[in-house]
2 protein chains.
Amino acid sequence: MGNHQEDAKVFKALCDPKRLAILEQLRSGEKCACVLQEPMDLTQSGLSYHMKILCDSGIVVSRQEGKWTHYRLSASGGAWAMERLRAILTPDTEQEDRCPSCGR
Amino acid sequence: MGNHQEDAKVFKALCDPKRLAILEQLRSGEKCACVLQEPMDLTQSGLSYHMKILCDSGIVVSRQEGKWTHYRLSASGGAWAMERLRAILTPDTEQEDRCPSCGR
DNA sequence: ACCTCACATCAAAAGTTTTTGATGTGATCA
DNA sequence: TGATCACATCAAAAACTTTTGATGTGAGGT
C-alpha cells in the first residue's frame, strides 16, 4: 500500500519548529509574508524557503495581491494530512493477532 | 502556545519513507526486530536506529522477551500525534477574519 | 565458564536540509 | 522610464540526519 514518499513530504513540512511556528501564526487567519517574517528569527529568503515547503506539501495555500503574497491554511490539505496520519497509525483490524490460516 | 520542538519530534518520526514502511508492517500487529528487518533494505544497526526514533517519538513501544525485542504501535502515542496534528492545522475560530476591535 | 544470538551503541562517511548572502523578477509608483 | 518594494531563486556554507561497519551488552544454551 501507501505512497511513503508522498506521505513523508506532508510530514516533512511539519517536522521543523520554525514551520510549526509559521503554521501557528496562520491559525488566526491569512497573513502576508512580511507579517509572518517579523516575529520570527528568519531572513526574507529563509521565510520564502519554508513557505515553499509548506505550500508544496498542500497544507498551506498562497494568493497574490499586487506585490504581496498572502498565505493561509488549506482546509483540504489539512484534512488530507489528518486522514493520512490516521491511516498510518491505525491498526489493521482485519488480522489482529489471529492465526493466518483459520482466522481465530 | 505549543512546544514546537516536541511536536517536531513526533512528525520527524513520520517523515522518513523507511520509517513509514516499518509503521505499515506494525499495523498488522506486534513484530520483532528481525521480522521487521527482513523485507526491508536496512542493516541490523540501521533498523535499530530507526526503531529508536520511532520509540522516542512515542508512536511505537517495545517489549523485551528473552533475546528478542518486540515492537508495536502505541494507541496512546498515536492518539497524541493525531491530536497534535489537529491542533496545529485547525484554524483558531476565536478570531477568524473578524475586526480585532469590534469582533464582527 | 564459554559461546552464540539478537539487538544497541558508536564513530566516521555519505547524504540531505537549512541558512546565508547575492542576484533575479514582476508589480507599483514617481 | 527608472526607482523601489515584496518576494523568489540561486549557489555555497553550515547544520543536521542517515548509513555503514565495528564493537559492546545481556540473555540463553552447552
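Please read all numbers here as calculations on a predicted model, not as lab measurements. Below, chain A is the first sequence line, B the second, and so on; all start at residue 1.
Inter-residue side-chain proximity for B/Tyr71 and B/Cys55 is flagged as met; some heavy-atom pair is nearer than 4.5 Å.
One hydrophobic cluster, built from ILVMFWY side chains closer than 4.5 Å, cannot hold both B/Ile53 and B/Leu26; they sit in different ones.
Rounding to whole angstrom units, CD of residue A/Gln64 and P of D/dA6 are separated by 13 Å. Regarding B/His4, its NE2 atom lies at a distance of 18 Å from the C1' atom of C/dT18, rounded to whole Å. In this structure, the CZ atom of B/Phe11 is 19 Å from the C1' atom of C/dT17, given to the nearest Å. Between A/Trp68 atom CH2 and C/dG26 atom P there is a gap of 18 Å when expressed in whole angstrom units. One interatomic measurement links the two molecules: CG of B/Leu42 to C1' of D/dT18, which rounds to 10 Å at whole-angstrom precision.
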Validation: residues 33-50 of chain B side-chain donor-acceptor distances under 3.5 Å, sequence neighbours left out:
from	atom 1	to	atom 2	distance (Å)
B/Gln37	NE2	B/Leu42	O	3.3
B/Thr43	OG1	B/Gly46	N	3.0
B/His50	ND1	B/Arg19	NH1	3.1

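Taken together, the paired segments of DNA chain C that extend over three or more consecutive Watson-Crick or G-U pairs, each closer than 3.5 Å at both contacts, are C:1-30 with D:1-30.
Scanning for side chain to side chain donor-acceptor pair (under 3.5 Å) contacts around A/Lys52 gives A/Asp56, with sequence neighbours left out. A/Ser74 is linked by a side chain to side chain donor-acceptor pair (under 3.5 Å) to A/Ser76, counting only residues two or more places apart in sequence or in another chain. Under the rule for a side chain to side chain contact (heavy atoms under 4.5 Å, CB included), A/Ala79 has no partner lying at least two apart in sequence or in another chain. Listed by chain and number, the residues in a side chain to side chain donor-acceptor pair (under 3.5 Å) with B/Gln5 amount to none (sequence neighbours excluded). Residues forming a side chain to side chain donor-acceptor pair (under 3.5 Å) with A/Lys12 (at least two apart in sequence, or on another chain): none. For A/Ala87, the side chain to side chain contact (heavy atoms under 4.5 Å, CB included) criterion is met by A/Glu83, A/Arg84, not counting sequence neighbours.
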Protein-nucleic acid N or O pairs under 3.5 Å, nucleotides 21-27 of chain D:
from	atom 1	to	atom 2	distance (Å)
D/dG21	O6	B/Ser45	OG	2.9

Pair B/Leu14-B/Leu23, side-chain contact (heavy atoms from CB on, under 4.5 Å): steps then yes or no: CA-CA 9 Å; B/Leu14 294 160; B/Leu23 291 171; 3.6 Å; yes

CA sep, side-chain torsions, deciding dist, call: A/Ile59, A/Trp80, side-chain contact (heavy atoms from CB on, under 4.5 Å): CA-CA 8 Å; A/Ile59 66 189; A/Trp80 170 252; over 6 Å; no

side-chain contact (heavy atoms from CB on, under 4.5 Å) assessment of B/Met51 paired with B/Val60: CA-CA 8 Å; B/Met51 293 324 289; B/Val60 167; 4.3 Å; yes

CA sep, side-chain torsions, deciding dist, call: B/His4, A/Glu24, side-chain hydrogen bond (donor to acceptor under 3.5 Å, both in side chains): CA-CA 10 Å; B/His4 301 142; A/Glu24 191 174 318; 2.6 Å; yes

Test side-chain contact (heavy atoms from CB on, under 4.5 Å) applied to B/Gln64 and B/His70, step by step: CA-CA 6 Å; B/Gln64 286 297 132; B/His70 295 262; over 6 Å; no

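Heavy-atom distances under 4.0 Å link DNA chain C to A/Asp16, A/Lys18, A/Arg19 of residues 13-22 of chain A, given in residue order. Annotation: proximity of residues 47-56 of chain A to DNA chain C (heavy atom, distance under 4.0 Å) is found for A/Tyr49, A/His50, A/Ile53, numbered in ascending order. Residues from residues 31-40 of chain A lying near DNA chain C, meaning a heavy-atom separation below 4.0 Å, are absent.
Out of C/dC7, C/dT17, D/dA8, the shortest distance to the side chain of A/Thr69 is found at D/dA8.
Nearest heavy atoms, B/Leu89 versus A/Gly78: CD1-CA, 3.7 Å. When all heavy atoms of A/Leu54 and A/Ala13 are compared, the pair lying nearest together is CD2-O, 3.8 Å.
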